[in-house]
Amino acid sequence: MRVRVRFAPSPTGPLHIGGARSALFNYLFARHHQGVLVVRVEDTDLERSRSEYEDEILASLDWLGLTWDEGLRVGGPHAPYRQTERLDTYRQCAEVLLERGLAYPCFCSEEELEAERAGLIAKGETPRYLGTCRNLSEEERAARRQAGIVPTIRFRAPQDRLYVVEDLVRGRVAFEGNTIGDFIIMKSDGIPTYNFAVVVDDHLMEITHVIRAEEHLTNTPRQMMIYEAMGWEMPKFAHVSLILGEDRQKMSKRHGATSVIQYRQRGYLPEALVNFLALLGWAPEGQEELMTLDEMVRAFSLERVARNPAVFDLDKLNWMNQQYLKRKSTSELGMLLRPFLEEAGYGAQVAALGEARYRILVEGVRDYLVCLSDVGEYARPFLDPPRYDSEAEAVLAQEGVAEMLARCRVCLGALEGGLDEAQSLLKELPGMLGVPARQVYRPLRVALTGKTTGPELPFLVAVWGGQGTEERLQRAFAFLSARKA
RNA sequence: GGCCCCAUGGUCAAGUGGUUAAGACACCGCCCUUUCAAGGCGGUAACAGGGGUUCGAAUCCCCUUGGGGUCACCA
């Protein structure tokens with residue numbers, strides 16, 4: 001049978017790191033088995049669902065390079081793929097359960113339910129619905145409807161049974177039926193609840209493997225009950241452990257960036273994020289960690305997915321992003337960097353540079369970048385005039401520095417061409433001046449950039465050209481004479 | 001609180017009864033170098049604790065401890 005898996009986010013927020021990894025594992029599994037990946041949206045929470053989030057989630061999947069074969073946007077034989085457009089289907093299924101006596105209307109108020117729950121917790125028992133409305137007579141039901149109470153529909157959960165999930169990553173997990181009370185499958189407004197809608201959709205969409213986060217593990221017995229009651233075949237389940245923050249708590253807003261777009265905005269590459277996420281909870285057989293999506297597809301298997309939760313390690317993501325950045329061609333990197341330079345306020349200056357000099361700037365800056373948004377910081381010495389602080393002052397004020405710089409100015413001002421010329425000219429400089437290399441470069445760097453560290457001098461000088469370099473030296477002289485006065 | 005999951009260095013992890021317990025990130029040191037990075041080489045560092053089973057346990061079982069999840073008219 002052909003493998004069919006799905007990614008089914010709720011549009012209640014942007015795509016989260018954890019959601020992205022679930023999507024990725026489903027993608028890898030589907031592709032590895034030449035199966036089908038379905039993307040549908042679970043928007044039955046009318047309060048919190050928003051279509052903007054749906055768009056945003058799909059855009060994040062696009063950005064990550066995770067494509068799907070069926071569902072939202074692409075359509076397919078089981079349309080529609082948005083749960084709020086499938087309400088009739090759920091109602092019909094609920095009707096079937098009602099007719100078979102496997103579900104019943106419940107008239108309990110929220111207050112009553114709350115009190116019941118509190119009471120059970122106080123007694124040290126599993127909080128669950130004890131079945132107040134389970135065996136009401138038709139007359140009693142009619143009376144309550146008469147009184148204007150709109151019921152929910154509850155599923156009659158079998159009590160004396162053991163539900164065993166044969167989980168593909170966790171192994172055999174058993175749940176006692178009597179720890180699960182009758183649960184609501186249809187809210188009073190006629191919208192299905194999650195546990196009901198997933199089962200209906202997964203069955204109708206012929207899903208063969210449900211790969212999802214571990215937080216759903218304890219929902220599984222409820223869903224198994226529904227499969228049984230409807231007489232449907234169950235899919236295989238695979239519950240992937242959670243991604244934790246550095247404090248070992250479940251990742252949440254207070255851990256900083258948790259959504260895919262945030263990483264995109266910070267300048268992480270999609271291939272780096274995908275690679276990093278894949279290695280959180282999964283390990284290929286070999287030693288190689290840097291892998292393309294296709295390589296991951298080939299190597300992926302659920303047997304190698306870890307059971308223990310994984311802490312999100314930003315250091316490693318940073319390293320990985322840097323590795324991918326290093327592998328980019330200069331022209332591609334140049335294109336990727338442009339929006340980030342604009343963001344940093346260097347749009348006009350970069351445009352004024354022209355192609356050739358921009359390329360040199362990119363070359364001069366590329367080894368320093370951890371993520372694309374770092375470019376503002378490293379491009380600054382190329383684009384902003386130098387400003388001298390006390391450390392710079394100390395260097396420039398040294399004996400003989402002003403004279404040495406004046407002679408540098410003559411040499412550098414004559415510069416015409418590109419990087420190669422700048423490179424050789426700077427190399428010859430100490431010899432021409434008869435000064436040890438270190439005593440040339442350090443003061444020169446400080447004079448030109450105001451800093452003792454930064455990009456390599458030849459790149460800077462080549463981007464500025466002879467004239468620009470001279471102007472900067474001029475500034476240094478101005479600073480020195482202002483200081484004397 | 002009930003139920004469920006998990007437990008190898010700071011982090012990700014390999015390991016599936018016999019290994020000097022891989023590798024990666026981070027950290028530290030050295031080299032390279034006109035600075036800082038990058039790069040190269042090397043180093044520190046782990047089987048949560050206690051009981052079993054076994055000739056032999058990181059690997060199997062039990063308990064403890066610790067972490068997490070879940071018990072909604074949220075998904």
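Excluded from the calculations below are hydrogen atoms, water molecules and symmetry mates; all remaining heavy atoms, backbone and side chain alike, are included. Order of the sequence lines fixes the chain letters, A, B, ..., with proteins taken first and strands second; residue numbering starts at 1 for each chain.
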I'd like to know if A/R40 and A/D202 make a salt bridge, using a cut-off of under 4.0 Å between side-chain N and carboxylate O. yes

Looking at every strand, decide which applies to A/H239 at a 4.0 Å heavy-atom threshold: base, sugar-phosphate, or nothing. nothing

What's the gap between B/G23 and B/G40 when it is taken at their P atoms, as a whole Å value? 16 Å

So A/R445, base contact, sugar-phosphate only, or nothing? Heavy-atom distance under 4.0 Å. base

What residues in residues 361-383 of chain A put a non-hydrogen atom under 4.0 Å from any atom of RNA chain B? A/D367, A/Y368

Assign the ring pair A/F155 / A/F183 to parallel, tilted or perpendicular, where the plane angle (0 to 90°) is split at 30° and 60°. tilted

Salt bridge present between A/R117 and A/E114 (N-O < 4.0 angstrom): yes

Mind checking if A/N318 touches a base, just sugar-phosphate, or nothing, with heavy atoms under 4.0 Å? nothing

Salt-bridge contact A/K451-A/E391 (side-chain N to carboxylate O under 4.0 Å): no

A/P127 near the nucleic acid: base, sugar-phosphate alone, or nothing, with a heavy-atom cut-off under 4.0 Å? base

Using a heavy-atom cut-off of under 4.0 Å over every strand shown, decide if A/T44 touches base, sugar-phosphate, or nothing. sugar-phosphate

For nucleotides B/A58 and B/U8, find the distance between their P atoms and express it as a whole number of Å. 15 Å

What's A/Q323 touching, base or sugar-phosphate or nothing? Going by heavy atoms closer than 4.0 Å. sugar-phosphate

What do the steps show when you test A/Y194 against A/D45 for side-chain hydrogen bond (donor to acceptor under 3.5 Å, both in side chains), and what is the final call? CA-CA 9 Å; A/Y194 163 75; A/D45 184 345; over 6 Å; no

Out of B/A7, B/C4, B/C73, whichever nucleotide has its closest atom nearest the side chain of A/R117: B/C73

Measure the acute angle between the ring planes of A/F237 and A/Y227, then classify it against the limits of 30° and 60° as parallel, tilted or perpendicular. perpendicular

Watson-Crick and G-U pairing of RNA chain B written in dot-bracket, each distance under 3.5 angstrom, with | for inter-strand partners: ((((((((.[[[..)..(....]]].(((((.......)))))....[[[[[..)....]]]]])))))))....

Regarding A/R438 and the six-membered ring of A/Y441, is the cationic atom NZ or CZ under 6.0 Å from the ring centre and inside 45° of its axis? no

If you look at every strand shown and take non-hydrogen atoms under 4.0 Å, does A/K326 touch a base, only sugar-phosphate, or nothing? sugar-phosphate

For A/R307, which contact category applies under a 4.0 Å heavy-atom criterion: base, sugar-phosphate, or nothing? sugar-phosphate

Within residues 389-405 of chain A, the residues having a heavy atom closer than 4.0 Å to RNA chain B are none

How is A/G124 classified with respect to the nucleic acid when contacts are heavy atoms under 4.0 Å: base, sugar-phosphate, or nothing? sugar-phosphate

In terms of side-chain heavy atoms of A/R170, which of B/U70, B/C73, B/C6 is nearest? B/C6

Give a yes or no on whether a salt bridge exists between A/E214 and A/K250, defined as a side-chain N under 4.0 angstrom from a carboxylate O. no

In the structure I gave you, are the side-chain heavy atoms of A/L58 and A/L61 within less than 4.5 Å of one another anywhere? yes

Please indicate yes or no: is the ring centre of A/W319 less than 5.5 Å from the centre of the six-membered base ring of B/C25, with the two planes inclined by under 30 degrees? no

Which part of the nucleic acid does A/P458 contact within heavy-atom distance under 4.0 Å: base, sugar-phosphate only, or nothing? base

Any side-chain heavy atom of A/I180 within less than 4.5 Å of one from A/M225? yes

Any residue meeting salt bridge (Lys or Arg N to Asp or Glu O under 4.0 Å) with A/R222, in chain and number order, not counting sequence neighbours: none

Nearest-angstrom distance, P atom, B/G50 to B/C41: 39 Å

Measure from the side chain of A/L217, starting at C-beta and using heavy atoms only, and say which of B/C4, B/U8, B/C73 lies closest. B/C4

Please check if any side-chain donor atom of A/Y268 sits under 3.5 Å from a side-chain acceptor atom of A/N318, or the reverse. yes

Members of residues 282-292 of chain A that approach RNA chain B, where some heavy atom sits under 4.0 Å away: A/A283, A/Q287, A/E289

Would you measure the distance from the C1' atom in B/G18 across to the matching atom in B/C60 and give it in whole Å? 15 Å

Can you tell me how far C1' in B/C32 sits from the matching atom in B/U16, rounded to whole Å? 43 Å

Looking at A/E271 and A/K328, is there a salt bridge between them, counting it only when a charged N and a carboxylate O are closer than 4.0 Å? yes

Check this one for me: any side-chain N or O of A/R248 less than 4.0 Å away from OP1 or OP2 of B/U11? yes

List for me each residue that meets side chain to side chain contact (heavy atoms under 4.5 Å, CB included) alongside A/R475, sequence neighbours excluded, and say none if there are none. A/P385, A/P386, A/Y388

A/R48 vs B/A75: side-chain N/O to OP1/OP2 distance below 4.0 Å: no

Please name the residue in the list A/R128, A/R154, A/R134 that meets the side-chain hydrogen bond (donor to acceptor under 3.5 Å, both in side chains) test with A/D182. A/R134

Name the nucleic acid region contacted by A/E456, choosing base, sugar-phosphate or nothing; use a 4.0 angstrom heavy-atom cut-off, strictly under. base

